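These numbers were taken from a predicted model, which means no experiment stands behind them. Throughout, a chain's letter reflects where its sequence line sits, starting with A, and its residues are numbered from 1.
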2 protein chains.
Amino acid sequence: MLAGMRPQILVVDDEPGVRKALDRGLRAEGMDVTVAADGPTALRLARTGSFDAILLDIMLPGLSGYRVLEELRADGIATPVLLVSAKDGEVDQADGLDLGADGYVVKPFSFVVLLAQLRATLRRAATGTPRDLIRVGPLTIDREARTVRYDDADVPLSPREYTLLEVLATRAGTVRTKQELLNEVWGDEWAATRNVVEVYIGYLRRKLSAAGADGLVRTVRGHGYQLGDPL
Amino acid sequence: MLAGMRPQILVVDDEPGVRKALDRGLRAEGMDVTVAADGPTALRLARTGSFDAILLDIMLPGLSGYRVLEELRADGIATPVLLVSAKDGEVDQADGLDLGADGYVVKPFSFVVLLAQLRATLRRAATGTPRDLIRVGPLTIDREARTVRYDDADVPLSPREYTLLEVLATRAGTVRTKQELLNEVWGDEWAATRNVVEVYIGYLRRKLSAAGADGLVRTVRGHGYQLGDPL
DNA sequence: CTGCCCGCTGAGACCTCCCTCAGGTAGCGG
DNA sequence: CCGCTACCTGAGGGAGGTCTCAGCGGGCAG
């Protein structure tokens, strides 16, 4: 997409209501929209390669969004794709990100959320900036979306929990003292009890464990905490 | 800043503790740091133009951060500047954004928040992307930071309130129906009472009014709501 | 082995945010 | 001027997030 040009968006969804809403909304935002209602049509249109981004519903008649994405990537079409899934549970069939998706939106979505994701995707594609991801083993942290995945399962974290994990992850394998964590997560001029770090480490462990990640956060007695294996 | 090179950061603060913390933290993130403790020194260093970004405290001995910024811009130095202010009230002396600042951080800040802002600033500078701002008269909406300012005063909004305002602002001057607002802010498949829009319009008006902005959100009886003057 | 200290965790207070409901108010048509 | 309807708003409940505190338990030094 060149600066100043209207982005070309392909919207693929089998529900006419959703198509219409997206069509109107995106046009009002200055984008050009083409719609498709089923997988084969989407594939045919997408193969022309003339789109800046594709909004792709997963539940499609004929050919699932996953298959469409797979075929596209197999053909070498690198157009950014935002997967739209009806419910959370739908994603676990395959890892969309590994298939080459550039983002997820979960229905029912608010239009502005989708728009923000779409803008970010277009911006990244235009400037060639990669996603700002931190990987620690099977743990993936998306710094832009502030989300965490473990083995393709979402790990829902509160803002504080997320920040703590991100700080631990930025130097995975090294020991961080509680004082450091207090400074970096809770802010500098902070006089609170040090126990709050222990409490949030506990919260983090519980949620990571619920996602299948045990033993990720280690205690180094007398020193602090450490994410993942030592360097 | 070229890809792969270590960003050069100038840190200006009169408190040795803050300087040390930022120095260590930013180095650990792979950046090269130069520190300065007062305005004249900062100005001298910054004039060399060899920095990718400047973290500039406002309260400085000798020469305030505002003056440093002003002088720099007057000299044609376009290095991105992140202003660091001790308290909220400090900002109202002048409009940092109009002076050419690229962002604000309010003390006491958590390091990760500052780091995120700094990364975003470096990224924008590297790619030439401008800030994603919406202006409606004296109202400024920062889509990236999801913050709102009215006449240089922060307007603190909850996420819902912010989203509602953003949606109204994206097509300021046009009337948006409650159904549209429900769809775009609350999500598509939503069966809730329409009254929630009225309630949140009320919240918005109260907070905008507290910031000095009265009459910004108009009711168009029987049709919907409208931000700012008709087109 | 024993005692101390560090870390862990359950309970709970407090706050903000989100939404609902019911009653009040104001504009507008007749 | 009356009444209807749309809109506004105060009150309140529920949920989640943040932080404190106190008591428990386990590792480690002596």
Side-chain angles (χ1 to χ4, degrees), chain A residues 108 110 112-113 146-148 154-165 167-168 175-187 189-210 214-227, chain B residues 108 110 112-113 146-148 154-165 167-168 175-187 189-210 214-227:
Chain A
S110 91
V112 275
V113 168
R146 297 180 70 84
T147 55
V148 175
D154 259 25
V155 185
L157 298 180
S158 81
R160 268 279 192 272
E161 291 157 4
Y162 170 84
T163 303
L164 177 57
L165 181 62
V167 168
L168 286 171
V175 181
R176 318 298 309 275
T177 69
K178 286 182 204 172
Q179 190 57 54
E180 281 177 334
L181 297 173
L182 260 183
N183 288 345
E184 301 192 11
V185 176
W186 275 263
E189 335 190 347
W190 184 265
T193 76
R194 198 160 302 186
N195 178 248
V196 74
V197 178
E198 298 168 7
V199 173
Y200 271 82
I201 289 284
Y203 293 162
L204 215 45
R205 281 177 173 152
R206 195 180 313 172
K207 290 196 178 174
L208 287 172
S209 174
D214 285 295
L216 247 176
V217 181
R218 305 179 172 206
T219 304
V220 182
R221 199 180 167 81
H223 296 77
Y225 300 94
Q226 169 195 334
L227 185 71
Chain B
S110 91
V112 274
V113 169
R146 299 181 68 85
T147 55
V148 175
D154 258 25
V155 185
L157 297 180
S158 83
R160 268 281 193 271
E161 290 158 6
Y162 170 83
T163 303
L164 177 57
L165 181 61
V167 167
L168 285 171
V175 181
R176 316 299 308 276
T177 69
K178 285 182 207 173
Q179 190 57 55
E180 281 177 333
L181 296 174
L182 259 184
N183 288 344
E184 301 192 11
V185 177
W186 276 262
E189 335 191 348
W190 185 264
T193 75
R194 197 160 302 188
N195 177 247
V196 73
V197 178
E198 297 168 7
V199 173
Y200 270 84
I201 290 283
Y203 292 162
L204 216 45
R205 280 175 173 152
R206 194 180 313 172
K207 289 196 177 173
L208 287 172
S209 175
D214 285 296
L216 247 176
V217 181
R218 305 179 172 206
T219 303
V220 182
R221 198 180 169 81
H223 296 78
Y225 299 95
Q226 169 195 333
L227 185 71

d(A/Arg218 CZ, A/Arg205 CZ) to nearest 0.5 Å is 11.0 Å
### Query
If we ignore angles and hydrogens, is there a donor and acceptor under 3.5 Å between the side chains of A/Asn195 and A/Glu198?
yes
Atom CZ of A/Arg218 and atom C1' of C/dG7 are separated, to the nearest Å, by 17 Å
Nearest heavy-atom approach of A/Leu182 to A/Arg194 is CD1-CA, 4.2 Å
Note: A/Tyr200 and A/Ser158 closest approach over all heavy atoms is CE2-OG, 4.5 Å
### Query
Can you find an N or O donor on one side and an acceptor on the other, under 3.5 Å apart, linking the side chain of B/Tyr203 with the base of C/dC18?
no
Is the phosphate of C/dC18, meaning OP1 or OP2, less than 4.0 Å from a side-chain N or O of B/Trp186?
no
Rounded to the nearest 0.5 angstrom, the CG-CD1 distance for B/Leu164 and B/Ile201 is 4.5 Å
From CG of A/Leu164 across to P of D/dT18 the rounded distance in Å is 11 Å
note: A/Leu182, atom CG; C/dG7, atom C1'; distance rounded to Å ~ 15 Å
Filtered N/O pairs between nucleotides 5-9 of chain D and protein, under 3.5 Å:
| residue | atom | partner | partner atom | Å |
| --- | --- | --- | --- | --- |
| D/dT5 | O2 | B/Arg221 | NH2 | 3.0 |
| D/dA6 | O4' | B/Arg221 | NH2 | 3.2 |
| D/dC7 | OP1 | B/Gly222 | N | 3.0 |
| D/dC7 | OP2 | B/Lys178 | NZ | 2.5 |
| D/dC8 | OP1 | B/Arg205 | NH1 | 2.6 |
| D/dC8 | OP1 | B/Thr219 | OG1 | 2.6 |
| D/dC8 | OP2 | B/Tyr225 | OH | 2.5 |
| D/dT9 | O4 | B/Asn195 | ND2 | 3.3 |

>> Less than 4.0 angstrom between a side-chain N/O of B/Ser158 and OP1 or OP2 of C/dC18, yes or no?
In response: yes
Rounded to the nearest 0.5 Å, the CZ atom of A/Arg160 sits from the CG atom of A/Leu204 at a distance of 13.0 Å
Rounded to whole Å, CG of A/Leu204 lies from C1' of D/dG17 at a distance of 15 Å
Separation of D/dT18 atom P from A/Glu161 atom CD, nearest Å, is 7 Å
